[in-house]
Amino acid sequence: MTHVADAARAPYALLGGDAGVRELVTRFYDLMDSDPAYAGIRKLHRPDLSQAREKLYLFLSGWLGGPQLYAERFGHPMLRARHLRFQIGVAERDLWLACMSRAMQEIGVEGELQQGLYNAFFKTADWMRNREA
Ligand code: HEM
């Protein structure tokens, strides 16, 4: 019983399930790729963003409470370890969050959900930081 109720309230469902997660990731990387405001983090990525798009989509599906697609394919994400080869400080963290915030706004994520997701994204992004400033 509670399982069903929890599943219905999971951010994954509120966001519109698989299609919603795809849309968010597509908008996030389209923005990062096209707006020079995000150049500081775009340059850390490969020229071809298709792998980044696919992996963020797979990861967020599970992270938001939906199917654990990333773990099924690749095992534990070891997210912090995988980000160690990129210099991530406050500036990079904040650019990532700004880009994600704008993506959420542009695809019409409703206010309370958007705020909740922002807080969760903030914690994860700050945890990825591997430089003081
Ligand atoms: C804090 C600022 C962040 C920066 C600068 C950053 C940057 C990057 C870069 C450059 C890659 C490599 C992409 C490629 O394959 O070309 C990557 C991979 C990835 N990032 Fe981030 N990231 C940040 C935060 C986050 C956050 C908050 C999440 C999740 C909520 C996340 C999830 C991922 C995932 C799942 C991958 C793929 C990992 C893999 O190789 O399997 N990142 N990130």
Side-chain angles (χ1 to χ4, degrees):
M1 289 288 277
T2 51
H3 178 74
V4 173
D6 288 344
R9 277 201 309 267
Y12 179 80
L14 298 175
L15 204 56
D18 188 72
V21 178
R22 257 301 178 208
E23 191 184 6
L24 178 62
V25 170
T26 298
R27 187 63 62 104
F28 173 75
Y29 276 119
D30 284 354
L31 285 167
M32 196 195 289
D33 203 24
S34 61
D35 191 330
Y38 310 114
I41 51 173
R42 175 63 183 91
K43 70 179 184 204
L44 300 176
H45 293 72
R46 278 175 272 221
D48 179 356
L49 287 172
S50 45
Q51 184 178 311
R53 287 177 189 271
E54 186 63 11
K55 287 193 159 174
L56 187 59
Y57 155 73
L58 295 171
F59 175 81
L60 289 184
S61 172
W63 188 80
L64 292 165
Q68 299 283 334
L69 303 178
Y70 185 100
E72 281 166 18
R73 287 178 181 61
F74 307 111
H76 192 287
M78 301 184 295
L79 219 51
R80 192 167 193 284
R82 282 189 212 273
H83 284 78
L84 283 177
R85 65 198 159 107
F86 314 116
Q87 296 214 335
I88 302 180
V90 169
E92 289 78 14
R93 176 198 71 188
D94 289 349
L95 281 179
W96 197 100
L97 289 168
C99 189
M100 183 52 81
S101 250
R102 195 168 142 206
M104 288 196 286
Q105 264 163 42
E106 289 190 9
I107 70 163
V109 178
E110 154 286 303
E112 203 179 324
L113 176 61
Q114 193 179 135
Q115 189 58 53
L117 287 178
Y118 182 87
N119 294 341
F121 277 128
F122 181 90
K123 284 186 195 145
T124 304
D126 193 53
W127 173 63
M128 228 73 86
R129 202 154 52 80
N130 48 41
R131 289 195 308 173
E132 277 304 312

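First listed ligand is number 1; within each ligand, the first listed atom is number 1. This structure is a prediction, so every number in the text was calculated from the model and none was measured.
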* Residues in salt bridge (Lys or Arg N to Asp or Glu O under 4.0 Å) contact with R22, at least two apart in sequence or another chain -> E54

* Asked: For ligand 1, which atoms have a heavy atom of L44 less than 4.0 angstrom away?
  -> 5 (C), 10 (C)

* Asked: Between F122 and W127, is a ring pair (Phe, Tyr, Trp, His ring centres under 6.0 Å) present by the stated rule, with each step listed?
  -> CA-CA 8 Å; F122 181 90; W127 173 63; over 10 Å; no

* To do: Ignoring hydrogens and angles, tell me if any N or O in the side chain of Q114 forms a donor-acceptor pair with the backbone of V109 under 3.5 Å.
  => yes

* Asked: Got an N/O contact under 3.5 Å between H45 and ligand 1?
  -> no

* Name the closest protein heavy atom to atom 14 (C) of ligand 1, giving the residue it belongs to and the distance to 0.1 Å. => R46 NH2, 3.4 Å

* **Residues D126, R129; criterion salt bridge (charged side-chain N to carboxylate O under 4.0 Å, His left out); working and verdict** => CA-CA 5 Å; D126 193 53; R129 202 154 52 80; 2.7 Å; yes

* Structure fact -> Separation between CG (L117) and CE (M100), nearest 0.5 Å, reads 9.0 Å

* Structure fact -> protein heavy-atom neighbour closest to atom 41 (O) of ligand 1 works out as Y70 OH, 2.5 Å

* Asked: Do R102 and D35 meet the salt-bridge criterion of a basic N to acidic O distance under 4.0 Å?
  -> yes

* Measure the CG-NZ distance between L60 and K55 for me, rounded to the nearest 0.5 Å. => 14.0 Å

* For atom 29 (C) of ligand 1, what is the nearest protein heavy atom, given as residue, atom name and distance? -> F59 CE2, 3.7 Å

* **Nearest non-hydrogen protein atom, atom 40 (O) of ligand 1** => K55 NZ, 3.4 Å

* Asked: For atom CD of E110, is the number of surrounding heavy atoms from other residues, nucleotides or ligands below 6.0 Å larger than 12?
  -> yes

* Near I41, which atoms of ligand 1 are under 4.0 Å from a heavy atom of that residue? -> 5 (C)

* Distance in Å, I107 CD1 paired with R27 CZ, rounded so as to fall on 0.5 Å steps -> 7.5 Å

* **Near atom 21 (Fe) of ligand 1 (cut-off under 2.8 Å), count of protein N, O or S atoms** => 1

* To do: Kindly check if the number of other-residue, nucleotide or ligand heavy atoms within 6.0 Å of CD (E106) is above 12?
  => yes

* Quick one: look at I88 and ligand 1, take heavy-atom pairs under 4.0 Å, and tell me if it's side chain, backbone, both or neither. => side chain

